[in-house]
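Counting starts at 1 for both ligands and their atoms, in listed order. Numbers here are sequence positions counted from 1.
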Amino acid sequence: MKHLLSIEELTAAQLTALLDHAAVLKANRGTRNPQPLAGQTWALIFTKSSTRTRVSFEVGIRELGGFPMFLSKNDIQLGRGEPIRDTARVLGRMVHGCIIRTFAQQDVIDFAEFSNIPTINALTDDEHPCQILADLLTIREKLGTWENRKIAFIGDGFSNMTRSWMWAAKHLGFELVVASPIACQPPADFLTNLNAHNVSITTDPAAASKGAHVINTDVWLSMGQEGQAEKEAEFAGFEVNSTLLAHSAPGHIVLHCLPAYRGKEISAEVLELHADTIFQQAENRLHAQKAILCALAR
Ligand code: CP
Ligand code: NVA
């Protein structure tokens, strides 16, 4: 594996190997500390806000012996229009790897190509692969496995989160039901390309959550969509609340990648009731990303 740009391009074997290593790194944290990034500098180029991703990567890089260099778009000439490929060609000669959070997936692909250093997608409009690895690790910790489990995603059916989740379902074979308003459902060409019989789409959140072992949600308006009141209005009835969860499987868990907007995609009551899982999920960003860094370190 040279880069981590999407869940789409990973295999089931790569996904499970990363999760297995993440679990080892988590168990050994503070006692055995591998240093595969010793002497290395890894850049973080972020053109969108972040709490979890930035902190977990900065801490993870340090724990693996490396030095993180955070560069917001306002710190570098990228923010004044310098092309991503030129930024990549410069950084590729100076740093050992790069983590990018931005809008266009193509920018991450171009950075990987032109820098020729390990490149990690830390969220684009298309995918959020690091988050999905942390989510899968959390499911394994809480439920033992995703096999024979029904996973529901309630919310925007074509966000970076749902797209990555649909690819994870394709690779790993679990049942995924996405409940989303018609206007926010994945387009037919995406579903044709996905070609996953275990992924279904509905407009009915109650049907999706019925019998589900995992109920997953995310903001209705992703970064870059702020103020789209018309889109937000589509989600009436899509709040993950105790009524919706009443018919979920016994022992179900609730996931939220955070940040959460209580009273919109999730009720305050459900968030607090499932806070143990949701903040374990947030912590697992650190362990999952350390596994990614180890897999990509040269
Ligand atoms: N879930 C997640 O990516 O959080 P941040 O936006 O805070 O990094
Ligand atoms: N779909 C959300 C995820 C945030 C971590 C967004 O892109 O804003």
Side-chain angles (χ1 to χ4, degrees), residues 4-8 22 42-61 68 70-73 98-105 107-108 120-139 153-168 176 178-181 183-186 190 214-228 231-232 234-235 238-240 254-262 264-266 271 274-275 277-290 292-293:
L4 185 89
L5 305 186
S6 66
I7 297 288
E8 176 180 358
W42 282 59
L44 291 91
I45 299 179
F46 279 40
T47 69
K48 289 176 175 171
S49 306
S50 171
T51 299
R52 282 144 286 271
T53 309
R54 176 180 176 175
V55 173
S56 53
F57 266 116
E58 290 207 28
V59 171
I61 290 165
F70 183 79
L71 304 166
S72 84
K73 73 172 193 307
C98 189
I99 295 136
I100 308 184
R101 166 168 287 202
T102 193
F103 294 86
Q105 181 75 15
D107 281 351
V108 178
I120 300 173
N121 174 0
L123 181 149
T124 62
D125 290 344
D126 287 14
E127 283 232 24
H128 196 0
C130 299
Q131 179 70 56
I132 273 54
L133 280 158
D135 298 358
L136 291 168
L137 184 60
T138 310
I139 292 172
F153 197 105
I154 316 288
D156 186 350
F158 202 48
S159 69
N160 39 25
M161 284 294 296
T162 30
R163 286 202 231 188
S164 290
W165 263 102
M166 287 188 276
W167 285 112
L176 176 67
V178 177
S180 184
C184 305
Q185 292 192 352
F190 177 88
V214 179
I215 298 88
N216 199 348
T217 190
D218 179 23
V219 293
W220 291 337
L221 299 179
S222 285
M223 287 181 277
Q225 300 176 342
E226 294 85 355
Q228 291 187 16
K231 180 175 179 186
E232 194 171 49
E234 298 280 342
F235 290 95
F238 280 78
E239 183 188 62
V240 174
V254 172
L255 297 180
H256 193 311
C257 63
L258 302 174
Y261 292 87
R262 291 161 173 83
K264 291 194 174 183
E265 76 276 3
I266 190 164
L271 191 137
H274 293 270
T277 306
I278 290 169
F279 290 98
Q280 182 171 328
Q281 177 190 4
E283 180 196 323
N284 281 339
R285 297 293 305 277
L286 171 65
H287 312 298
Q289 288 159 198
K290 283 173 74 179
I292 296 168
L293 291 163

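Side-chain atoms of Gln281 come within 3.5 Å of backbone N or O of His256 as a donor-acceptor pair. Judged purely by atom type and a 3.5 angstrom limit, Ser164 has no side-chain atom pairing as donor or acceptor with the backbone of Met161.
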I would like to know whether Glu232 and Lys264 meet salt bridge (Lys or Arg N to Asp or Glu O under 4.0 Å); could you show each step before the answer?
-> CA-CA 9 Å; Glu232 194 171 49; Lys264 291 194 174 183; 2.9 Å; yes
How far apart are the C-alpha atoms of Phe158 and Arg163, what are their side-chain angles, what is the distance that settles it, and do they pass the side chain to side chain contact (heavy atoms under 4.5 Å, CB included) test?
-> CA-CA 6 Å; Phe158 202 48; Arg163 286 202 231 188; 3.5 Å; yes
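In terms of protein heavy-atom proximity, atom 6 (O) of ligand 1 is closest to Arg101 NH1, 2.8 Å. For atom 5 (C) of ligand 2, the closest heavy atom belonging to the protein is Leu258 O, 3.6 Å. In terms of protein heavy-atom proximity, atom 4 (C) of ligand 2 is nearest to Leu123 CD1, 3.9 Å. Nearest non-hydrogen protein atom to atom 8 (O) of ligand 2 is Met223 N, 2.8 Å. For atom 7 (O) of ligand 1, the nearest non-hydrogen atom of the protein is Thr51 N, 2.7 Å. Of the protein's non-hydrogen atoms, the one nearest atom 4 (O) of ligand 1 is Arg52 NE, 2.8 Å.
Residues His128 and Leu123 come closest through the heavy atom pair CD2-CD1, 3.6 Å. Taking every heavy atom of both residues into account, Gly224 and Glu226 meet most closely at N-OE1, 2.8 Å. The nearest pair of heavy atoms linking Ala168 to Ile7 is N-CG2, 3.6 Å.
Near Arg285, meaning under 4.0 Å from one of its heavy atoms, ligand 1 places the atoms 1 (N), 2 (C), 3 (O). When each atom of ligand 2 is checked for a heavy atom of Val219 under 4.0 Å away, the hits are 2 (C).
Annotation: Asp218 places an N or O atom under 3.5 Å from an N or O atom of ligand 2; distance criterion only. By the 3.5 Å distance cut-off applied to N or O atoms, Leu123 is not counted among the residues near ligand 1. At under 3.5 Å, not a single nitrogen or oxygen of His128, backbone or side chain, sits near a nitrogen or oxygen of ligand 2. Checked by distance only, ligand 2 and Arg101 stay at 3.5 Å or farther apart across all their nitrogen or oxygen atoms.
The shortest separation from a heavy atom of Lys48 to ligand 1 is not under 4.0 Å, leaving the residue out of contact. The shell of residues lying under 4.0 angstrom from ligand 1, judged by heavy atoms, includes Leu258.
Defined by atom type and a distance below 3.5 Å, a donor-acceptor pair is present between the side-chain atoms of Gln105 and Thr124. A donor-acceptor contact closer than 3.5 angstrom links the side chains of Gln289 and Ser56.
By the 6.0 Å and 45° rule, Arg54 does not stack over the aromatic ring of Phe46.
Under 4.0 Å from ligand 2, not a single heavy atom of Asp125 appears. When non-hydrogen atoms are compared, ligand 2 lies under 4.0 Å from the side chain of Asn160 (C-beta onward) but not from its backbone.
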